[in-house]
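Here is the structure we will look at, set down as structure tokens.
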Amino acid sequence: MTFKADVAVLGAGMVGVSTALHLQAKGRSVVLIDRNGEAGEETSYGNAGIIERSSIFPYMFPRNFNLLRKYALNALPEAHYHVAAVPKFLPWLVRYFGNSSHEMSWQIAMASRPLIENCLVEHKALMAQAGAEHLLRDVGWLKVFRTQRSMDQGVAEVARLKPFGINYRILDAASVRALEPHLDASVIGGIHLLDPGFVPDPGALVKAYAALFEQRGGDFVKGDARTLGQDADGWGIDTEDGRLHARDAVIALGPWSDDVFKPLGYKLPLSIKRGYHLHFTAQGGATLNRPIYDADGGYVLAPMTRGIRLTTGAEFAARDAEPTPVQIEMTEPAARKLFPLEHQIEDVPWMGRRPCMPDMLPVIGRAPKHSGLWFNFGHQHHGFTLGPVSGRLLAEMITGEKPFTDPMPYAAERFG
């Protein structure tokens, strides 16, 4: 059996589902394809739930020698690496380091700014259409400090956001506890980022968007993206419903995108930062009102529907290597001191994979070697944040409309 559509979107995470919705709204017949047959089951589920409206500057590679020495020894909880994977990720890491200079960080901030500035607006538009406004909490997130040195550094860093109109408040210890009364007294101050939104069940939001796509007549099928191949009038892919033929195909597979673009001859420098999370109950009715980043501990606590979610920093390892949740083990004692966690809910930590380019910008746009092939991946730590806005941008490009911003900073051609 064969069937047809205008566009096949490969991947049903936040980026893929949002792309499918925007194309559908522009009159295209769209088939959404995922190997799980469910939306939002991978990286889009396991994040901290923050729609990061304030993150103009991406996560850059540190240039402090003492920090680098500690990272090399796997001595800090915010980063961990597999020694066996070093030969594979070291070239990417060198490029990442080169893009993390002060000058380059400003250039990358200018390139990412249009996406960040529109991320929450685009989410709210889709939420309204999907009837999912109840999933959004307008509480921002809080960065807390337990040493004066780290607070001074945090205040200096956040000052870079002033030219971009980002709203935040610098808090003393009493003000932090007024917002979060159950945090430990060791907290000496904090920074409250006011503009981001918080979603306590990010997987549910992706599923709500996918349900809207199907309600509007879109097809969501289970299929193997690795079967994508060019045919006489477009692209074909095998699904459980038969062979799909589409004029255009979008690779929105996040950390698995290279499984498809590499066989087609593309050598894009996609790498992976793995991460873990674990849920806990709270002791004695203690409450957490927003995500909390412990600047001295290198982890986030977020009040999710399932429980208090402890999320880790980055692990540099092969994408499909066995999980090594040592960062959970390193951060859990500090997290229990910061907030009264009680029982662990899952038996083992969940592991996810963040798709990252060495310049910390996504790849959005036309595949330069093939007609009708499009890219939308590499959103680093912000796939959940940027899904709707990057889906809008790509849909405008595919349909020939004037893009709301210049897409050149995200073009695949920037890597040669």
Looking at P333, is its backbone amide N or carbonyl O close enough to the side chain of R336 to form a donor-acceptor pair, meaning the two atoms are under 3.5 Å apart? no
Below 30° counts as parallel, above 60° as perpendicular, anything between as tilted: where do the rings of H370 and Y266 land? tilted
Think R160 forms a cation-pi with F57, using NZ or CZ under 6.0 Å from the six-ring centre and within 45 degrees of its axis? yes
Between W374 and D248, do the side chains contain an N or O donor and an N or O acceptor separated by less than 3.5 Å? yes
For atom NZ of K26, is the number of surrounding heavy atoms from other residues, nucleotides or ligands below 6.0 Å larger than 12? yes
Side chains of S390 and H379: is there a donor and an acceptor less than 3.5 Å apart? yes
Counting neighbours of CZ on R366 that are heavy atoms of other residues, nucleotides or ligands and sit closer than 6.0 Å, is the number greater than 12? no
Find out whether F384 and L205 are in side-chain contact, i.e. whether some heavy atom of one side chain is under 4.5 Å from a heavy atom of the other. yes
Just checking E103: does its CD atom have more than 12 heavy atoms from other residues, nucleotides or ligands closer to it than 6.0 angstrom? no
Could you report the tightest heavy-atom contact between H22 and A395, atom names first, then the distance? CB-CB, 3.6 Å
Identify every side-chain donor-acceptor pair in residues 317-325 under 3.5 Å, counting partners at least two apart or on other chains, and give the distances.
| unit_1 | atom_1 | unit_2 | atom_2 | d |
| --- | --- | --- | --- | --- |
| R319 | NH1 | P255 | O | 3.2 |
| R319 | NH1 | D258 | OD1 | 3.3 |
| R319 | NH1 | D259 | OD1 | 3.4 |
| R319 | NH1 | D259 | OD2 | 3.4 |
| R319 | NH2 | D259 | OD1 | 3.4 |
| R319 | NH2 | D259 | OD2 | 3.3 |
| T324 | OG1 | H82 | NE2 | 2.7 |
| T324 | OG1 | E315 | OE2 | 2.4 |

Say whether S54 and E52, considering side chains only, have a donor N or O and an acceptor N or O under 3.5 Å apart. yes
Checking S29 side chain against D6 main chain: does a donor-acceptor pair fall under 3.5 Å? yes
Relative to each other, are the rings of W92 and Y96 parallel, tilted or perpendicular (30° and 60° limits)? tilted
Take I108 and M60, measure what side-chain contact (heavy atoms from CB on, under 4.5 Å) needs, and give me the verdict at the end. CA-CA 10 Å; I108 293 169; M60 290 302 189; 3.4 Å; yes
Kindly indicate whether the side chain of K162, heavy atoms from C-beta on, has any atom under 4.5 Å from the side chain of F164. no
Lys NZ or Arg CZ of R309 over Y45 ring: under 6.0 Å, within 45°: yes
Any donor and acceptor pair, going by atom type alone, linking the side chain of T385 with main-chain N or O of I50 inside 3.5 Å? yes
Ring pair (Phe, Tyr, Trp, His ring centres under 6.0 Å) for Y81 and Y71? Distances and angles first, verdict last. CA-CA 9 Å; Y81 70 94; Y71 287 145; 9.5 Å; no
Partners of R53 by salt bridge (charged side-chain N to carboxylate O under 4.0 Å, His left out), sequence neighbours excluded? none
Apply side-chain contact (heavy atoms from CB on, under 4.5 Å) to M304 and L288, showing your working. CA-CA 9 Å; M304 296 295 183; L288 197 65; over 6 Å; no
Should V30 and V9 count as side-chain neighbours, where that means a heavy-atom distance under 4.5 Å? yes
Would a 4.5 Å heavy-atom cut-off, applied to side chains only, mark L386 and I116 as touching? yes
Distance-only polar pair, side chains of D184 and S186, donor-acceptor under 3.5 Å: yes
Above 12 or not: heavy atoms from other molecules or residues under 6.0 Å from NZ of K262? no
Can you list everything that forms a side-chain contact (heavy atoms from CB on, under 4.5 Å) with P407? Sequence neighbours excluded, please. L393, M397, P403
Between the side chain of N36 and the main-chain N/O of E38, is any donor-acceptor distance below 3.5 Å? no
Taking NZ, NE, NH1 and NH2 as the nitrogens, is one of them in K369 or E413 under 4.0 Å from a carboxylate oxygen of the other? no
Please tell me whether N167 and D195 have a donor and an acceptor in their side chains that are separated by less than 3.5 angstrom. yes
Could you tell me if R226 sits above the aromatic ring of W256, with its cationic atom closer than 6.0 Å to the ring centre and no more than 45 degrees from the axis? no
Please examine the side chains of M14 and Y209, heavy atoms only from C-beta on, and report whether any two atoms are closer than 4.5 Å. yes
Point-to-point distance, once rounded to the nearest 0.5 Å, from CD of E180 to NE2 of H182: 9.5 Å
Which donor-acceptor pairs under 3.5 Å do side chains of residues 343-352 form with protein atoms, sequence neighbours excluded?
| unit_1 | atom_1 | unit_2 | atom_2 | d |
| --- | --- | --- | --- | --- |
| Q344 | NE2 | E346 | O | 2.7 |
| Q344 | NE2 | D347 | O | 3.3 |
| E346 | OE1 | H279 | N | 2.8 |
| E346 | OE2 | H279 | ND1 | 2.4 |
| E346 | OE2 | R306 | NE | 3.2 |

Less than 4.5 Å apart, any side-chain heavy atom of F97 and any of R95? no
What heavy-atom pair brings A252 and G16 nearest, and what distance separates the two atoms? CB-CA, 3.8 Å
More than 12 heavy atoms of other residues, nucleotides or ligands under 6.0 Å from CE of M104: yes or no? yes
Judged by modelled atom types alone, do Q129 and R216 share a side-chain donor-acceptor pair under 3.5 Å? yes
Has the side chain of Q380 got a donor or acceptor atom that lies under 3.5 Å from a matching backbone atom of H382? no
What pairs with E342 under salt bridge (charged side-chain N to carboxylate O under 4.0 Å, His left out), at least two apart in sequence or on another chain? none
Does R392 qualify as a cation-pi partner of F404, given the criterion of NZ or CZ under 6.0 Å from the six-membered ring centre and within 45 degrees of its axis? yes
Would you say S100's side chain and F61's backbone share a donor-acceptor pair under 3.5 angstrom? yes
Main-chain N/O of P355 paired to H381 side chain as donor or acceptor, under 3.5 Å: no
Listing request: all ring pair (Phe, Tyr, Trp, His ring centres under 6.0 Å) pairs with a residue in residues 289-335, at least two apart in sequence or in separate chains. F89-F316
